[in-house]
Novice: 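If you scroll down you'll find the structure; I have some questions about it.
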Amino acid sequence: MNTAAPALELVDVRKSYGPIEILHGIDFALHAGEVHALIGENGAGKSTIMKILGGFVPPTSGEVRLDGKAAPYTSGAEAEAAGVVVIHQEFNLAADLTVSENIWLGREIGGLFLDHKAMRRGTQALLDELDCSIRPQTRIRDLPVSDRQMVEIAKALARKARVLIMDEPSAVLTHRELEVLFRQIERLRSQNVALLYTSHRLEEVTRLADRVTVLRDGAVVRRAARGELTEDGMATAMIGRDLQDIYPPKRHHAGEVALEVRGFSVPPLVQDISFALRRGEVLGISGLIGSGRTELAEGLVGLRPASGEILRNGRPVTIRSVRDSASHGLAYLTEDRKERGLLLDKTLRENLTLANLSRFGTPFLSDTREDAALTKAIADFDIRAPRRDMRVGNLSGGNQQKLLLAKTLLSDPEILIIDEPTRGIDVGTKSQIYAFIDVLAAEGRSVIVISSDMPEILGLSDRVLVMRQGRLAGELSGERVTETAIVRLVMGTSEDVGEEPAHV
Amino acid sequence: MSDAAARPLNGFRLPSLSALGPLLALILLVVLGALLNDNFLSSGNITNVLARSAFIGMIAVGMTFVITSGGLDLSVGSMAAFIAGVMILAMNALLPSMGVGVPLVLAGMVIALGVGLLAGLTNGLLVTRAGIEPFIVTLGTMGIFRSLVTWLADGGTISLDFAVRQFYRPVYYSGLFGIAWPILVFAAVAIAGQVAMRHTRFGRYCEAIGSNDKVALYSAVNVDRIRLLSYVLLGLLVGLATIMYVPRLGSASGSTGMLWELEAIAAVIIGGTALKGGYGRVWGTVVGVLILSLIDNILNLADLVSPYLNGTIQGGIIVLAVVLQRGKSSA
Amino acid sequence: MSDAAARPLNGFRLPSLSALGPLLALILLVVLGALLNDNFLSSGNITNVLARSAFIGMIAVGMTFVITSGGLDLSVGSMAAFIAGVMILAMNALLPSMGVGVPLVLAGMVIALGVGLLAGLTNGLLVTRAGIEPFIVTLGTMGIFRSLVTWLADGGTISLDFAVRQFYRPVYYSGLFGIAWPILVFAAVAIAGQVAMRHTRFGRYCEAIGSNDKVALYSAVNVDRIRLLSYVLLGLLVGLATIMYVPRLGSASGSTGMLWELEAIAAVIIGGTALKGGYGRVWGTVVGVLILSLIDNILNLADLVSPYLNGTIQGGIIVLAVVLQRGKSSA
Amino acid sequence: APAAAQGKKVVIGVSIPSATHGFMGGLNWHAQETLKRLKATYPNLEFVLATAGAVGKQVNDIEDMMATRNIDALVVLPFESEPLTSPVKSVKDAGKWVTVVDRGLSQAGIEDLYVAGDNTAFGRVAGEYFRANLKPGAKIVVLRGIPTTLDNERVDAFTAAVKGSGIEILDMQHGNWNRDKAFSVMQDYLSKHQQIDAVWAADDDMAIGVLEAISQAGRQKEMWVVGGAGMKEIVKRIMNKDPQLPVDVTYPPALISAALEITALRFVSDTPVYGRFIIGSTLITPDNAAQFFFPDSPF
Ligand SMILES: Nc1ncnc2c1ncn2[C@@H]1O[C@H](COP(=O)(O)OP(=O)(O)OP(=O)(O)O)[C@@H](O)[C@H]1O
Ligand SMILES: Nc1ncnc2c1ncn2[C@@H]1O[C@H](COP(=O)(O)OP(=O)(O)OP(=O)(O)O)[C@@H](O)[C@H]1O
Ligand SMILES: [Mg+2]
Ligand SMILES: [Mg+2]
């Protein structure tokens, strides 16, 4: 497709952290006007490669070449000036600043004084282009993760890149935003931008990628052009073994009602939600970003002020804090692992046991027991950590997510609410996690899965609730759980225009 | 949802109640003062209160930037004493050759600003280059500046030559259009500070660094330089405050500027700037400074049960002023 | 790479160089002291230095928890003065009915701990319930406690009845196995603190809250209660410090405990605890306290050019001690 | 005729440093007691009392008294002489009566009335006692106050007085007029010096800390201590002929009372009260101690 010198290239790049080598001699090239997908298991080294390309991390040995010459940058900022822009897997936004301030950070418009108007206008234009309803003056702190991802994308687009590197931009996006993102990617490709894309959703790779590079344990194991690899082939190349259907067969038989919610509201958005959850059941909750699924879940476990009735095994209960909800056997896995899920400065062990410390000894905590729990979690969830005593912030994104799952499940909950459980997790591990959920249900526990990943909802749920603008838009079960049915409810195709406008 | 995007921007936002909190406290204090004493609202008293707020005020404006960018400076009070000491010694030394007059005063001012700049640079370099916690750096320099001025003064007081003092005095006591110089300078500093915080890159970068220095670094912000600049700016403002302070008292000693750092930091925090950085509010700082000055002034207006209890009332009002401001927990 | 998971645990880790920094500084100071004066290593001098460190030391151990959980307490010095004042007045008042003896001393101790608990509770509730920045809360209570003790003392000194003092004196001056009581109590507090920080839920939660209070909240940690507890614990330790302090000079006044807060906070930070919270190191705090005491001791033992410059050397050593500790920038 | 005698209200402003150490505490107490008494005796007199913890605050207080309380007279004990000179001068220039207490202004002729202790005498009297009671070759240590001009005056006078006597001053550190600080400084002196024959603690608060350190070291028999100011605890011990505390040097905090009374007199009677009243420092010995003992004072 392209014979000119690659826009950006890695030549025999190695990277070590301390004594551990993460990347073992990577050769890798990006060409203008092409989408190159980099795939691999969690911890394979994708983000590290992207950081090296973007100038954020120096390679231990080897070379980065821009247009065939040694790259003239040594920092992310310089790389950006050279037209190499990265959308990071972990958010790179200042939470106290507004959307607009973040987007222009480091390249503000204006002379001595900032031109707020121009920047706000520019931000609005970018957001419009992304079909995104966030307001430019909102503080990042007040945005849900999905919106933050859109801000990240907008920020990158504002940079006018000639090489755009995207590290799992789609992990937190729903169907609708995803389409917007793909349109942008296609537009950039046609403008001769070189694009690097990574995602654990292989169907996206099939759809977008002109070239695919498969990484395993820090080495390239396969290179392919468009159409050379099926999704199954990619998965096999990534994890080194064949992968059957990743979803477990649905064979749950629902028992009695474990949790019932009546007229539940979480101001300001979520209104009047009622549903029942049975033992042994997996209940999916679908909806657009901002439809209030997270609010509902956080209201249920006492993280947000809420009103309405909650019945546990038929008896009304009051839940005002996470502790209350834990005492009623409820556990919630947050969608926001960086800000609400994990202590990035602490080690794996401290994170794993934080929510269930009382089990590890009173009054003195037992290191041995904690270490044993960690060993088990590492095995159960296939957490790949170069060192057990490393900061969690240095784990790869997917491995952080696995640790978060392990942390949530440690409390052995009767009812588990998981918000975007497999965000950023590779296909191999995904199937393990699905099997895990299946086991939980088979043991007679109840699971609520909130997910923006349609196949996940379809593959896991016995029943699906769909939320729209803070209300229940409908419920589907059995045969009626199909993609079209869900999408229709999600979008509100009944077109009842009289309803209140979208909240912001 | 998509129609929300098309909605017109409302560029103007009403300040939230929490932002108005300190202002409210200030207004309450003014009302209280007016009720307690008829002369409270006299121009004389208002001038006094504003003029004496000016020193801490200018320093607090600088401190706002330092704190906003995630730093702290405990050394400002000692620094003021040190600058005052050096400035006075220099002016006394220059007197024989230059004589009393504008050049001598200007020379003194340049020296004050220069020493302030160097002092701020020292703090800033230790924080950015050596990578030491600002608390420790400035605790150290606090002791150093304080003991240096004591040493310069030989344990006593460094006094400006009497003739020079008479000549220099109007810089504090007289003014323009009936407004005293310190008030004018403070107002200028406050306005410049507010503009710098809201409408220049420097202010924006301070907030970004305080909020998340890694993000700032990734966004091509020269984090170390901005941090350094914030300390240098603060040093310069301490120098400027000293320029206004010396004509008031004409001397410096080991006890000059004692506890100013605490007052300046308190003013910044009362004004609504976050101690952890990331969000700065210069006008809030000005309100905070005025609140602190007014408390003292009002305590002098009324006859209290016992002067020993001044501190109790002062402490109580400070806490109350901030209670007004924060409705909800999340400190 | 996947085998990493199966690798055996390495339970024991060598402390990193940065952790050893303050210890290194301490050792250097000891060597310096021994070189400067022969009596430096005499048991008398060592006892003096350790016993003197005890008050600030106990307070600093409590402060470590407060700072680790993201708080701050500026009121501890005034609180100590206030507790001492109340305790002495109460003991004098109880004297006629109880007579000199163990019961009276015990009553005094209970009162000291009770007042400390209440004072800590006040700070803690204002921080957690009213949601005010700890800096402001404790700046306010600092003024309040200080002025209350001045008022109780009528501006002067509150002195313990002479006979009671004679009876109570051994609590500071005598000891067990030749080790003075304050040293023993301090050691016990330090060990308990280290254990609490590293091996109990409370310590773990303090670190979690300081690291990211939202994550702690989502992990079913009762954030407000732990925060409150940290202030209460500090209050109790201030009470305990006061119990050891009162028998030393048998008096309290408006100047008791002046600037102890700064010293305690400095000790905590020098010891390697992060001012922003999230990481606490109790043994580091102990080292920090000893460093600060030793600096004073050495300055008194050595013959310097001018005592006016003590502050300069003190400040310099503090900064240096921390430079040793932090190799790289990232304050 | 005096204003108050004609039934007009007279407002007297009183500005003193706050009670941050023993001596100032005593001074604060005497000031308040005297004000109570004067108010009861002369209903036409009104007093405005402000205490300042820092020099800037004291200037503010004086400004506030002028701007809002319409004072007719000011009684001021300057925190520091130099910086208070101009502000007090402006009070004088506004036609008010000015009484300066204890620390003189740096410019002569501003005040109408000056009531002060004698810092030079304070140091000299102590020095002369050391000279008279120690043999040549004796070794002493000195604790200084907070570095200030008045501390310099006292110490200079003391050193001048012992000069040439063959008494060796081993050490001089700052004890900041604080018991705790004095205690640790003395502890360190005791570790450092094998032979100490006497201590000039320069202040009774410091003397308390010093005595405690000496008794901890068990070296009570080796040395005696001289403090200063006349704290009741110390005076009591002198009365009881404590060998460790042979004498004390007065610097009575009650001098504020004298200043207030004389100033009040100026407004309620025709007594001419201009001038300077210097209250000398005298040596308190077991013989005369009783007359310096005020059991009700907190100091
Ligand atoms: N600063 C660091 N210190 C130590 N190890 C690190 C550091 N950064 C990354 N690693 C390790 O490097 C390996 C590769 O990480 P990387 O983030 O590149 O994986 P990834 O392929 O992006 O995985 P994921 O799909 O989970 O995002 C991981 O094992 C990670 O723990
Ligand atoms: N802390 C907050 N402050 C203000 N508004 C918020 C906050 N958190 C969420 N919102 C608003 O509430 C809306 C609903 O967010 P929520 O996260 O519940 O949506 P969701 O359905 O869970 O979507 P997703 O999980 O896919 O992001 C968001 O669009 C956001 O605008
Ligand atoms: Mg990654
Ligand atoms: Mg959500």
Novice: Relative to chain C, which of A/Ser321, A/Ser366, A/Ser358 shows the most heavy atom pairs under 4.5 Å?
Specialist: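 It is A/Ser358.
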
Novice: According to side chain to side chain donor-acceptor pair (under 3.5 Å), who are the partners of A/Thr334, at least two apart in sequence or on a separate chain?
Specialist: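 Side chain to side chain donor-acceptor pair (under 3.5 Å) list for A/Thr334, sorted by chain: empty.
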
Novice: Just jot down the salt bridge (charged side-chain N to carboxylate O under 4.0 Å, His left out) partners of A/Glu298, sequence neighbours excluded, or say none.
Specialist: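 Only A/Arg304, A/Arg340 meet the salt bridge (charged side-chain N to carboxylate O under 4.0 Å, His left out) criterion with A/Glu298.
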
Novice: Distance-only, no hydrogens or angles: does the A/Lys346 side chain make a donor-acceptor pair with backbone N or O of C/Gly278 under 3.5 Å?
Specialist: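 Pair found, side chain donor or acceptor close to backbone of C/Gly278.
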
Novice: Taking only residues at least two apart or on different chains, which pairs with a member in residues 372-404 of chain A satisfy ring pair (Phe, Tyr, Trp, His ring centres under 6.0 Å)?
Specialist: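 Non-adjacent pairs meeting ring pair (Phe, Tyr, Trp, His ring centres under 6.0 Å): A/Phe381-A/Phe436.
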
Novice: Side chain, backbone, both or neither: which part of A/Asp367 has an atom under 4.5 Å from a heavy atom of chain C?
Specialist: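 For A/Asp367, side-chain heavy atoms alone lie under 4.5 Å from chain C.
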
Novice: Show the nearest heavy-atom pair for residues C/Val215 and A/Gly341, with the distance to one decimal.
Specialist: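 In this case the closest contact between C/Val215 and A/Gly341 is CG1-O, 3.5 Å.
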
Novice: Under a 3.5 Å distance rule, please check whether C/Asn212 uses its side chain to pair with a backbone N or O of A/Glu339 as donor and acceptor.
Specialist: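 Looks like yes, one N/O pair under 3.5 Å.
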
Novice: How about A/Arg320: does its CZ atom have over 12 heavy atoms from other parts shown lying under 6.0 Å from it?
Specialist: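 12 or below, so no.
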
Novice: Taking side chain as everything from C-beta outward and backbone as N, CA, C, O, which of these in A/Phe360 sits under 4.5 Å from a heavy atom of chain C? Side chain, backbone, both or neither.
Specialist: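 Neither; nothing under 4.5 Å.
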
Novice: Taking A/Thr408, A/Asn356, A/Leu354 one by one, which has the highest count of heavy-atom pairs under 4.5 Å against chain C?
Specialist: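 That would be A/Leu354.
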
Novice: Just how far is it from atom CG of A/Leu343 to atom NZ of C/Lys214, taken to the nearest 0.5 Å?
Specialist: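 Atom-to-atom, A/Leu343:CG and C/Lys214:NZ are 14.0 Å apart.
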
Novice: State, to 0.1 Å, how close C/Ser219 and A/Lys407 come at their nearest heavy-atom pair, and which atoms those are.
Specialist: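 What the structure gives for the nearest pair is OG-NZ, 2.6 Å.
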
Novice: Specify which of A/Asp324, A/Val301, A/Thr362 makes the most heavy-atom pairs with chain C at under 4.5 Å.
Specialist: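 With the most close heavy-atom pairs to chain C, the winner is A/Thr362.
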
Novice: Considering only heavy atoms, give the residues of residues 188-200 of chain C separated from chain A by less than 4.5 Å, sorted numerically, with 'none' for an empty result.
Specialist: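 Against chain A, the residues of residues 188-200 of chain C that fall inside the cut-off (heavy atoms, under 4.5 Å) are C/Val195, C/His199, C/Thr200.
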
Novice: Taking atom CG of A/Leu357 and atom OH of C/Tyr205, what is their separation to the nearest 0.5 Å?
Specialist: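 Going from CG on A/Leu357 over to OH on C/Tyr205, the span is 4.5 Å.
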
Novice: What part of C/Phe202 is in contact with chain A, defined as an atom under 4.5 angstrom from a non-hydrogen atom: side chain, backbone, both or neither?
Specialist: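 Contact with chain A: none, neither part.
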
Novice: Shorter than 4.5 Å, heavy atoms on both sides: which option in A/Leu303, A/Thr353, A/Leu342 has the most such pairs with chain C?
Specialist: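 Sorted descending by pairs with chain C, the first entry is A/Leu303.
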
Novice: Under a 4.5 Å heavy-atom cut-off, does chain C meet the side chain of A/Ser411, its backbone, both or neither?
Specialist: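 For A/Ser411, no heavy atom lies under 4.5 Å from chain C.
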
